[in-house]
**Q** 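Here it is, the structure, as structure tokens.
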Amino acid sequence: MTLEERLNAVKRDNEILLNMGPQHPSTHGVIRFIVRSDGEIMVEALPVVGYLHRGIEKLAEMTPYAGFIPYTDRVDYLAAMFCNHAFVMGVERLLGIEVPRRAEYLRVIASELNRIASHLISLGSMAMDIGAFTPFLHGIRERELINDITEMLCGARLTYNYMRIGGVSNDINDKILKKISDFLDRFLPGFIEEFNRLITYNEILVKRCVNIGTISSEEAINFGLVGPNLRASGVKWDLRKNMPYSVYPEFKFEVPVGEGFRGSVGDSYDRFVVRVKEMEESAKIIRQAISSIPDGEIMAKVPKRIKPPAGEVYSAVESARGELGYHIISDGLENPYRCKIRTGSFSAMKAIHIKSQGCFIADLVVLIASMDIVAPEIDR
Amino acid sequence: MLELSDRIIEYFGLSHQYSLIVIVVLFFVYGLFALTFGSLFAGITSWYERRIAGRMQSRIGPNRVGYQGFWQWLADGLKCWFKEDIIPRDTDSLLFRIAPYLVFTGVLCTFVVIPFSPSVVGSDMNVGIVYIIAITALVVAGILMAGWSSNSKWTLLGGIRSTAQMISYEIPVALSLIVVIIPAGTLSLQKIIISQGGAPYNWYIFHNPAAFVAFFVYFIAALAEGNRTPFDLPEAESELVAGYNTEYSGMRFLFFLFAEWMNLYVIGGIATALFLGGWRIPGVSYEVQSASIWLEFLGFIIYLIKALILVNVIIWLRWTLPRLRIDQLMIMCYKYLLPISILLIVISIIFTILYELFPLLGVVVRVLLFLTSLLILGYFSYRVYYNIKNFPDKVYLKWMI
Amino acid sequence: MNINEVHSEVVKFFPGKISDVITSGKLSFFYFDREIIYDLFLVLRDKIGMEFKHLSYIASVDMKDHFELIYCLYSYRWGSVIHLKTRLNREGPHIRTISDLFVAAEWHEREAYDLMGIVFNDHPDLRRIMLPDDFEGHPLRKDFVEKDNYHGIPTRRDKILGRF
């Protein structure tokens with residue numbers, strides 16, 4: 001079956017076909033939606049993906065393990081640390097390497113900083129799609145500080161390539177710690193309060209987001225949603241708490257769950273507020289981490305040629321967009337035999353397809369923005 | 001205009017048979033003046049808006065072209081002049097070409113009635129306000145033509161939405177202006193300004209509580225008519241990729257933007273003329289002011305300042321608030337603004353009759369409303385001071401850098 | 001419940017069609033025959049005590065002489081994750097879809113069809129998802145050779161400069 005056959009099978013006479021094409025100011029990345037509507041109310045918004053397919057899973061079969069880490073950055077360039085972390089964790093489990101504690105603390109600090117940066121972009125783009133241009137730029141201003149920190153840490157501002165099999169690549173020093181601490185003093189509570197006053201409590205945003213795309217908790221589990229989308233529907237599931245990895249059990253933090261803050265449980269406003277609260281929790285984790293970094297090595301003893309014994313492993317982290325998992329099958333050689341990447345945005349696309357029936361075109365934009373999808377995660 | 005022509009004829013000592021020629025020449029000069037003023041205002045507002053938007057978003061805004069980027073609008077205009085004139089192939093080409101001019105003309109013709117100073121006004125028609133509401137219907141026709149003739153589903157949607165929005169919001173605009181016409185007793189803008197006083201508590205906004213609320217109703221409805229945020233869904237970038245002006249490029253596109261920025265001055269100008277006392281100077285009566293040329297100039301400056309403060313508020317709103325959806329827009333017009341403005345007309349009539357019977361009541365209500373608004377302004381200044389003090393960054397009060 | 005408990009429960013329903021629990025590397029899983037897929041997943045999803053209602057992913061692997069499909073299920077109620085596998089022929093692989101049980105399966109099965117060529121019977125909308133509709137071949141297979149050109153665009157990456 002082709003796309004034309006699929007569309008012609010269901011087309012009726014009083015509908016128009018609109019194309020929110022691959023290039024569009026509000027789809028987040030190159031994703032295409034074919035909207036069938038009668039002018040304002042949509043019957044269906046069919047997603048067409050694949051414009052950013054780079055064949056990362058096939059490339060994994062031709063790349064050595066240590067050389068694959070920069071590829072994992074590009075799976076989700078807005079939250080690249082998590083992608084690195086999941087892959088590296090999987091290979092370490094296969095090899096049976098124990099990562100030194102200092103390296104684990106550095107991984108956690110870098111990951112949580114990246115979570116804040118990713119959420120700033122996601123909330124800012126959602127506000128920009130609804131028409132408020134200013135919160136996006138305020139978020140970018142804070143994100144610049146995070147980018148400066150990671151530039152001092154590992155030399156890159158977007159695709160970090162920071163983690164190595166067995167640890168991390170660069171060590172942290174007092175200057176970077178001071179800079180992180182200054183950023184946190186300014187971020188929580190000053191910036192969060194200002195951001196909330198500017199946009200989260202804004203009546204117009206509330207009216208635009210409330211009761212749009214309401215997903216109940218059973219539906220969310222069935223759709224395969226993860227991350228803030230799932231938690232906003234009322235399901236209290238966070239991989240950092242339920243299936244702990246790394247040194248997360250040593251930190252005290254809450255997991256925000258949507259409870260229908262201004263509308264029903266699981267609508268777009270819940271997803272917005274859950275992300276704001278997650279930013280606060282991340283800031284708390286970083287504060288606890290930088291005050292108690294242990295001394296030690298940053299890299300374990302790893303063989304020069306990494307050839308894990310034949311076997312499989314599935315390792316997942318709680319990324320900014322949900323669960324990011326790598327299913328690595330190794331056959332004892334230098335390259336993985338198969339590397340399957342499980343991302344959160346892929347499942348969210350089906351949810352958008354189902355929930356877009358019967359709402360306005362303007363609501364479709366809000367729905368897409370609230371699910372926080374990025375094109376590279378879908379297409380890999 | 002007629003008095004001005006009489007004075008010119010006396011000054012130059014010409015015979016009265018040339019009065020028709022003098023009037024025609026004066027109209028021509030005034031038209032040029034209005035066109036220049038409108039275009040200059042549109043250009044300078046574009047620079048001002050971009051700078052203000054930059055400061056609100058923690059960045060600078062254009063600052064390269066000229067001192068503090070002041071000639072940015074000239075550079076943009078010149079660039080668009082020299083651009084290739086692209087007309088897509090399957091468009092209705094006559095409508096496509098006419099549409100920007102209709103929109104521009106519709107907004108420019110309102111400058112005929114807006115008074116700049118006691119004797120500089122294009123034509124002090126005695127149906128001034130009705131004329132304004134009627135001539136802005138040209139804008140509606142222009143936008144509909146633009147949306148239809150571009151031969152694209154997205155622009156058609158944008159054009160239809162914009163048309164529906166503009167013709168719906170003309171009703172609250174008209175009704176809220178009637179609230180002020182009732183105490184004034186005349187539809188001509190110049191005479192309404194004359195019948196107000198100079199000092200702030202003599203303006204029509206404090207005349208009765210209905211006029212106070214009518215100012216805000218007019219402001220909101222005029223924003224919606226001018227397609228400004230929070231009502232700019234027809235030209236929303238994220239949903240419709242600039243709506244009805246997607247297929248326009250170069251100078252034709254600039255005409256739409258010109259019309260939008262000129263409309264800002266029209267909104268500010270009409271609101272000032274009707275509610276905020278126009279060009280009246282506190283303590284100076286109309287005869288004294290129209291006799292001396294310095295006081296006329298001062299009146300012009302005062303009018304400009306008041307209108308510019310309102311333009312400032314409009315720009316501020318644009319970069320803060322998100323957008324309303326089309327059905328929320330329509331609900332706000334028909335379910336909220338329309339009944340409120342009808343109610344305000346009734347209240348205004350009651351108060352005007354009461355003031356005829358008890359003149360003291362008028363003074364008391366005026367003073368109370370004036371004090372209330374002073375309190376609101378004071379609270380607002382306190383909040384500004386509080387925010388500046390608690391902001392984690394150093395606030396650069398030197399806005400020029 | 002973890003993989004061993006699930007295995008002992010499920011073996012009672014489908015004797016002879018479930019293999020033993022295999023541990024390969026750090027992952028434990030069991031194989032099931034492809035005919036029982038619908039009933040097996042119905043049991044896994046709805047039986048009290050298991051309630052694996054979240055389908056995480058469906059991965060397709062090309063073992064040299066057969067295909068394998070890996071299903072990963074999460075149970076949020078009991079906080080556990082299991083992996084299941086099934087074997088398919090290399091010539092004409094087909095298996096029944098589970099997209100009427102798990103809505104998430106629709107897109108994962110489309111991806112398996114697109115990249116590996118596994119046909120899912122009764123799927124509501126089986127067409128290519130990442131690659132263009134007129135692409136020939138299934139890239140994730142180990143014996144996939146790229147065509148020389150796609151609509152006239154050459155695809156060989158060596159000797160590019162010599163062409164001009």
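Just so we're on the same page: letters track the sequence lines, and every chain starts at 1.
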**Q** In terms of heavy-atom proximity below 4.5 Å to chain C, should A:Leu46 be classed as side chain, backbone, both, or neither?
**A** side chain
**Q** Just checking heavy atoms, which of residues 347-356 of chain A are less than 4.5 Å from chain C?
**A**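 Near chain C, by residue number: A:Ser347, A:Met349, A:Lys350, A:Ile354.
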**Q** C:Leu115 versus chain A, heavy atoms under 4.5 Å apart: side chain, backbone, both or neither?
**A**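 For C:Leu115, side-chain heavy atoms alone lie under 4.5 Å from chain A.
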**Q** Measure distances from A:Asn222 to the heavy atoms of chain C and classify the residue's part below 4.5 Å as side chain, backbone, both or neither.
**A** both
**Q** Do other residues, nucleotides or ligands put more than 12 heavy atoms under 6.0 Å from the NZ atom of A:Lys241?
**A**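 Atom NZ in A:Lys241 is packed in, count exceeds 12.
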**Q** Can you tell me which of C:Ala105, C:Ser56, C:Gly79, C:Cys72 forms the most heavy-atom pairs within a distance under 4.5 Å of chain A?
**A**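 Ranked by heavy-atom pairs under 4.5 Å with chain A, first place is C:Ser56.
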**Q** Roughly how far, to the nearest 0.5 Å, is CD of A:Glu57 from CG of C:Leu140?
**A** 6.5 Å
**Q** Contact between A:Tyr337 and C:Val61 at the side-chain level, heavy atoms closer than 4.5 Å - yes or no?
**A**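 The answer is yes, as the side chains (C-beta and beyond) meet within the 4.5 Å cut-off.
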**Q** Under the ring-ring contact (aromatic ring centres under 6.0 Å, His included) rule, collect the residues that match up with C:Phe102, sequence neighbours excluded.
**A**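 So C:Phe102 forms no ring-ring contact (aromatic ring centres under 6.0 Å, His included) with any residue.
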**Q** Should the heavy atoms of other residues, nucleotides or ligands under 6.0 Å from CD of C:Glu5 be counted, would the total exceed 12?
**A** yes
**Q** Given that the side chain runs from C-beta out, which part of A:Val235 has a heavy atom under 4.5 Å from chain C: side chain, backbone, both or neither?
**A**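 Looking at A:Val235, just its side chain touches chain C.
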**Q** Among A:Arg380, A:Glu218, A:Glu219, A:Lys236, which residue has the highest count of heavy-atom pairs closer than 4.5 Å to chain C?
**A** A:Arg380
**Q** For chain C, which of A:Leu94, A:Val48, A:Leu225, A:Asn242 has the most heavy-atom pairs under 4.5 Å?
**A**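 Answer, by heavy-atom pair count under 4.5 Å with chain C: A:Leu225.
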**Q** How about A:Gln357: does its CD atom have over 12 heavy atoms from other parts shown lying under 6.0 Å from it?
**A** yes
**Q** Might you point out which heavy atoms bring C:Ser24 and A:Gly311 nearest each other, and give the distance in Å?
**A**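 Taking C:Ser24 first and A:Gly311 second, the nearest heavy atoms are OG-CA, 3.2 Å.
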**Q** Would C:Leu55 and A:Phe223 count as a side-chain contact (heavy atoms from CB on, under 4.5 Å) here? Give the steps.
**A** CA-CA 8 Å; C:Leu55 176 71; A:Phe223 285 166; over 6 Å; no
**Q** Please state whether the side chain, the backbone, both or neither of A:Tyr51 comes within less than 4.5 Å of a heavy atom of chain C.
**A**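 It is neither, since no heavy atom gets under 4.5 Å.
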**Q** With a 4.5 Å cut-off on side-chain heavy atoms, are A:Pro47 and C:Trp107 touching?
**A**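 They are in side-chain contact.
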**Q** Working to the nearest 0.5 Å, report the span between NZ of A:Lys58 and CZ of C:Arg141.
**A**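 Here the rounded value is 10.5 Å.
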**Q** Looking at C:Lys142 and A:Glu61, does any basic side-chain N land under 4.0 Å from a carboxylate oxygen?
**A**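 Here C:Lys142 pairs with A:Glu61 in a salt bridge, since their nearest N and O are under 4.0 Å apart.
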**Q** Kindly determine whether C:Met130 and A:Arg54 satisfy side-chain contact (heavy atoms from CB on, under 4.5 Å), including the steps that lead there.
**A** CA-CA 10 Å; C:Met130 316 247 198; A:Arg54 295 152 290 174; over 6 Å; no
**Q** Salt bridge check, A:Lys340 against C:Glu111: does any charged N sit closer than 4.0 Å to a carboxylate O?
**A**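 Salt bridge between C:Glu111 and A:Lys340, a charged N being under 4.0 Å from a carboxylate O: yes.
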**Q** Which atoms of C:Asp114 are under 4.5 Å from chain A, going by heavy atoms: the side chain, the backbone, both sets, or neither?
**A** neither
**Q** Do you see a donor-acceptor pair shorter than 3.5 Å between the side chains of A:Tyr314 and C:His83?
**A**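 The criterion, which ignores hydrogens and geometry beyond distance, is not satisfied for C:His83 and A:Tyr314.
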**Q** Heavy-atom distance under 4.5 Å to chain C: side chain of A:Ile329, backbone, both or neither?
**A** side chain
**Q** Who among C:Asp134, C:Ile70, C:Asp125, C:Thr23 has the most heavy-atom pairs with chain A under 4.5 Å?
**A**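 Top option by heavy-atom pairs under 4.5 Å: C:Asp125.
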**Q** Check the pair A:Arg338, C:Ser60 against side-chain contact (heavy atoms from CB on, under 4.5 Å), reporting the backbone distance first and the verdict last.
**A** CA-CA 9 Å; A:Arg338 172 82 165 99; C:Ser60 53; 4.1 Å; yes
**Q** Side chains of C:His54 and A:Val226, heavy atoms from C-beta outward: is any pair under 4.5 Å?
**A**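 The answer is yes; the side chains approach within 4.5 Å.
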**Q** If I measure from the heavy atoms of chain C, does A:Glu323 come under 4.5 Å with its side chain, its backbone, both, or neither?
**A**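 Just the side chain, heavy atoms under 4.5 Å.
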**Q** Indicate the ring-plane relationship of C:Tyr57 and A:His327, choosing parallel, tilted or perpendicular according to the 30° and 60° boundaries.
**A**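 Correct class here is perpendicular.
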**Q** Can you tell me if C:Phe29 has over 12 outside heavy atoms packed within less than 6.0 Å of its CZ?
**A**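 It does: C:Phe29 CZ has more than 12 such atoms within range.
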**Q** Are any of the side-chain heavy atoms of C:Tyr74 and A:Ile221 separated by less than 4.5 Å?
**A**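 Side chain of C:Tyr74 against side chain of A:Ile221, heavy atoms only: no contact under 4.5 Å found.
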**Q** Less than 4.5 Å to any heavy atom of chain A: does that hold for the side chain of C:Ile22, its backbone, both, or neither?
**A** neither
